[in-house]
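Structure first, commentary second.
What's counted below: heavy atoms across the whole structure, side chains too, no hydrogens, waters or symmetry copies.
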Amino acid sequence: MSLGARLNKRITLQVMGQAQDAAGQPIAADWTNFIADGDGKVWAEIRDVSGREFVAAGATQNQVMTTITIRYRAGVLDKMRALHGADVYRIEAVLGQDQRTLALMCSRGAP
């Protein structure tokens with residue numbers, strides 16, 4: 001199957017904004033779209049690779065590990081996030097030395 005056929009979902013990549021107060025101290029900022037042109041979305045393949053259930057703070061929680069594949073784009077880093085519908089994916093690692101595609105290793109769910 002060709003790469004284009006697999007990239008059948010639209011995601012938004014986001015980065016935590018950088019903000020400072022009047023004294024130059026960092027303050028809480030909000031997520032902003034990483035790609036400013038157009039609608040900020042890129043084509044992707046989303047594939048869940050593992051899941052686990054655990055107890056934290058007295059409640060049962062789930063965590064799903066997901067691989068998101070996109071065409072190569074410079075500047076994509078871990079600590080960013082990807083949005084697809086109501087799902088939020090925290091990017092844990094970015095793989096892709098071939099400069100053709102990037103594999104974003106992500107977690108979805110708690111913590």
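A82 pairs by the side chain to side chain contact (heavy atoms under 4.5 Å, CB included) definition with I11, L13, I68, Y89, not counting sequence neighbours. Not a single salt bridge (Lys or Arg N to Asp or Glu O under 4.0 Å) links R47 to another residue, sequence neighbours left out. Residues satisfying the side chain to side chain contact (heavy atoms under 4.5 Å, CB included) criterion with D30, sequence neighbours excluded, are absent altogether. Qualifying side chain to side chain contact (heavy atoms under 4.5 Å, CB included) partners for R10, counting only residues two or more places apart in sequence or in other chains: D39, K41, W43. For D48, the salt bridge (Lys or Arg N to Asp or Glu O under 4.0 Å) criterion is met by R108, not counting sequence neighbours. Residues passing the side chain to side chain contact (heavy atoms under 4.5 Å, CB included) test with Q14 are T12, W31, N33, R81, L83, sequence neighbours excluded.
Residue M16 is not grouped with residue I91 when hydrophobic side chains (ILVMFWY) are merged at heavy-atom distances under 4.5 angstrom, including chains of intermediate members.
Side-chain atoms of M105 and T67, non-hydrogen and from C-beta on, do get closer than 4.5 Å to each other. Contact check for I35 versus R73: side-chain heavy atoms found under the 4.5 Å cut-off.
The minimum heavy-atom distance between M80 and G75, with the atom names listed, is CE-O, 3.6 Å. Summarising the geometry of I70 relative to A44, their closest heavy-atom pair is CG2-CB, 3.7 Å, with the distance given to 0.1 Å. Annotation for H84 and K9: closest pair NE2-CD, 3.5 Å, computed over non-hydrogen atoms. Contact record, E45 with L7: N-CD2, 3.5 Å, taken as the closest heavy-atom pair.
Atom SG in C106 sits 9.5 Å away from atom CZ in R90 (nearest 0.5 Å). A distance of 8.5 Å separates CG of L102 from CG of L95, quoted to the nearest 0.5 Å.
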